[in-house]
Amino acid sequence: MDFPLVINTKNTGCSVVNNEKKRGKPQPIEETKKGVPPVTYTEALLKDLFKSCDANGDRLLSRKELKKAFASLGSFAPGWRAFRALSRADKNRDGYIDEHELDYLVKYAAKRGYTMKL
């Protein structure tokens, strides 16, 4: 079953919007207005989202760019989430996520359970 991708920039410069799991507890599936449950982002979609948030095109994600990415995902506290993502994924501790560290970032974000409402 294929679902159309809903795009909403919401003044963040990134390409998708939705919500995250609360405090790691399993949440009941919420239904949208049309009765379709939200779909969890795949790692491929998250990777594309993070790449689209590279505002200056230097192929590095700064904390500011990560904050915009997590805001577009619907994070409750995107600044804190960006800080935590950097601490988890920035293996060389230079303050940026490069292409080699992007997979760590995607795995971190995937564990948060962000969903898109269709």
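Because the structure is predicted, anything quoted here is derived from the model rather than measured.
- When all heavy atoms are compared, the tightest approach of Glu65 to Ala55 is OE2-N, 3.0 Å.
- Here the CG-CZ distance, from Leu73 to Phe50, works out to 6.0 Å after rounding to the nearest 0.5 Å.
- Note that OG of Ser87 is 9.5 Å distant from CZ of Arg63, once rounded to the nearest 0.5 Å.
- Taking all atoms of both residues into account, the shortest heavy-atom contact from Ala69 to Leu49 is O-CD2, 4.1 Å.
- Rounding to the nearest 0.5 Å gives a distance of 7.0 Å between CG of Asn56 and OG of Ser62.
- Arg81 and Tyr108 are linked by a side-chain donor-acceptor pair at a separation below 3.5 angstrom, with hydrogens and angles left out of the test.
- Distance check, rounded to the nearest 0.5 Å: CZ of Phe70 to OH of Tyr114 gives 5.0 Å.
- Using a 4.5 Å heavy-atom threshold, the side chains of Asp98 and Asp90 count as separate.
- Taking 4.5 Å as the limit, every side-chain heavy atom of Arg88 sits out of range of all side-chain heavy atoms of Tyr104.
- Scanning both residues, Asp58 and Asp54, for their nearest heavy atoms gives OD1-OD1, 3.1 Å.
- Thr42 OG1 to Lys47 NZ: the interatomic distance, rounded to the nearest 0.5 Å, is 11.5 Å.
- Judged purely by atom type and a 3.5 angstrom limit, Glu101 uses its side chain to pair as donor or acceptor with the backbone of Asn92.
- You'll find the side chain of Leu61 stays beyond 4.5 Å of the side chain of Tyr96, heavy atoms only.
- Residues Phe83 and Val106 do not share a hydrophobic cluster, clusters being chains of Ile/Leu/Val/Met/Phe/Trp/Tyr side chains in contact below 4.5 Å.
- Using a distance-only test at 3.5 Å, with no hydrogens or angles considered, no donor-acceptor pair links the side chain of Asp103 to the main chain of Lys107.
- Counting all heavy atoms, side chain and backbone alike, Lys51 lies closest to Leu102 at CE-CD2, 3.7 Å.
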Please lay out, stage by stage, how Leu105 and Leu66 fare under the test side-chain contact (heavy atoms from CB on, under 4.5 Å).
CA-CA 10 Å; Leu105 174 64; Leu66 286 174; 3.6 Å; yes

